[in-house]
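Right, one structure below, let's go through it.
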Amino acid sequence: MPGTCVIGLQWGDEAKGKIVDLLTPKFDYVVRFLGGANAGHTVVDGENVFKLHHIPSGILSPHVLNIITGGVVVNPPTILEEIDGLLARDVDLSNFILSDRSHVVFPWHIEEDRLLDKSTTSGEDIGTTLRGIGPCYRDKVGRSFALRLGDLLRSDLCEKVKLIVDAKLRALAGLNGKGDIKLDAAEIAKTYAGYGERLRPYVRNTTAMLLDAVDDDKKLLFEGAQGALLDIDHGTFPYVTSSNSSGVGVASGSGVPGQFIQTVVGVIKSYSTRVGGGPFPTEQENEYGEHIRQEGNEFGTTTGRPRRCGWFDAVAVRYTARLSGVSLLAVTMMDVLSKLDFIQVCTAYEINGERTTTFPSHVDDLRCVKPIYEELPGWKADVTGIREIADLPENARKYLDRISELVGRPVGVVSVGPDRAQTMFSAEGKAALM
Ligand code: IMP
């Protein structure tokens, strides 16, 4: 069963949605396996632009089953808004399926996110998306006070919500020190039971479905969210999201064993961005960073926050490409660098006087990284109309070759703009993906 997976190798926003959208026609299933409403995917269909947070990017292809697995945390009012927006534009949702194992984000999670985002032992705010993602995953792992979508459909929901609300009111009072937060258990239970009823037609046992799909030799496309450097276990902890956003999360989030994934596409921007707090060794808080932000329109899809911008970090991406089992790179946003005279690429780190190409595990070591750069000449030409990699300016091709060499993986796909047509495949990319 040739499963393919699309993973962001940086701190998210690498334009994974575009790559998923391009690959979708070849697949039977598009599977979202982690994260929640912290993700923001833009899907374009002619004149229509759809902003999706939960629903997989294959939703506009009627032949594809779009699955949200139990690894995802779902915010019912937000997903219902997405569903209503799609239905209002006559999108058929009979190809959309939601796991009964998905954990539910409740109002207390969003309140906890707001109160806890401001405090880490590492001294800087995490700068979360404030969508309740971390608190919901924390309750999932803690087990005592967590509810899944399957629970919304059962008759004992009100008793369960009451138990949780009693505990949450005590915890929230401790967190804000005032005890003025109001949560009405009966009202919340009624509202969420209503959400459950509206979602019921989509809710299934997706783990069983996907294991059947594997047995039936169906083609599965796994759509990553966030980026591998935000992985809870392997990213820049504690400045990470609360799930496994690198390739290691595919199996745990979906229930499909990793041995069924044949191709992993690692999506990278031709530079780096990060939203929120945490170390970012190649960040450029100067005219170059500002140039990239403006040229790349680097403002968050979910929160609208300006993204922090910097040069491509080959140490970080070599690490996440290996971690995620990447077979091919998809390099996006090549057009954004077109006006620069030169481009820097970080090839190694210096930490406390020692040179290394190993990505450090501790945030304090990452904070004192001195990036070692190699300078490459820019191409100073508009590339947005180019349709073959061989037709790119020589310096653009050299830049791609150097990135590939430093990361240790071939470039399979190159994107020079948001449109589907602005995408080129190398020979390796064509062989593996077309
Ligand atoms: P959370 O996932 O909302 O808890 O946020 C944790 C960190 O991950 C913050 O730095 C967020 O800015 C970042 N983050 C979460 N989702 C995304 C995303 O889709 N793109 C980029 N950054 C993200």
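Whatever order the structure lists them in is the order used to number ligands and atoms, beginning at 1. Note that these values count all heavy atoms, side chains included, but never hydrogens, waters or copies made by symmetry.
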Checklist entry - With sequence neighbours left out, what residues match Phe359 under ring-ring contact (aromatic ring centres under 6.0 Å, His included)? => result Tyr319

Checklist entry - Residues in salt bridge (Lys or Arg N to Asp or Glu O under 4.0 Å) with Arg409, at least two apart? => result none

Checklist entry - Below 6.0 angstrom between ring centroids: does that apply to Tyr288 and Trp311? => result yes

Checklist entry - Between Glu112 and Lys168, is there a salt bridge with N-O shorter than 4.0 Å? => result yes

Next on the checklist: Once salt bridge (Lys or Arg N to Asp or Glu O under 4.0 Å) is applied, do any residues pair with Glu187, and if so which ones, sequence neighbours excluded?
Outcome noted: none

Does ligand 1 have any N/O pairs with the protein under 3.5 Å, and how far apart?
unit_1	atom_1	unit_2	atom_2	d
ligand 1	2 (O)	Asn38	ND2	2.9
ligand 1	2 (O)	Thr241	OG1	2.6
ligand 1	3 (O)	Thr129	N	2.9
ligand 1	3 (O)	Thr129	OG1	2.5
ligand 1	10 (O)	Ile126	O	3.4
ligand 1	10 (O)	Val275	O	3.0
ligand 1	12 (O)	Gly127	O	3.4
ligand 1	12 (O)	Val275	O	3.0
ligand 1	12 (O)	Arg305	NH2	3.0
ligand 1	16 (N)	Gln226	NE2	3.4
ligand 1	19 (O)	Asn38	O	3.4
ligand 1	20 (N)	Asp13	OD1	3.1
ligand 1	20 (N)	Asp13	OD2	3.4

Checklist entry - Is a side-chain donor or acceptor of Ser245 paired with a backbone partner of Gly227 at a separation under 3.5 angstrom? => result yes

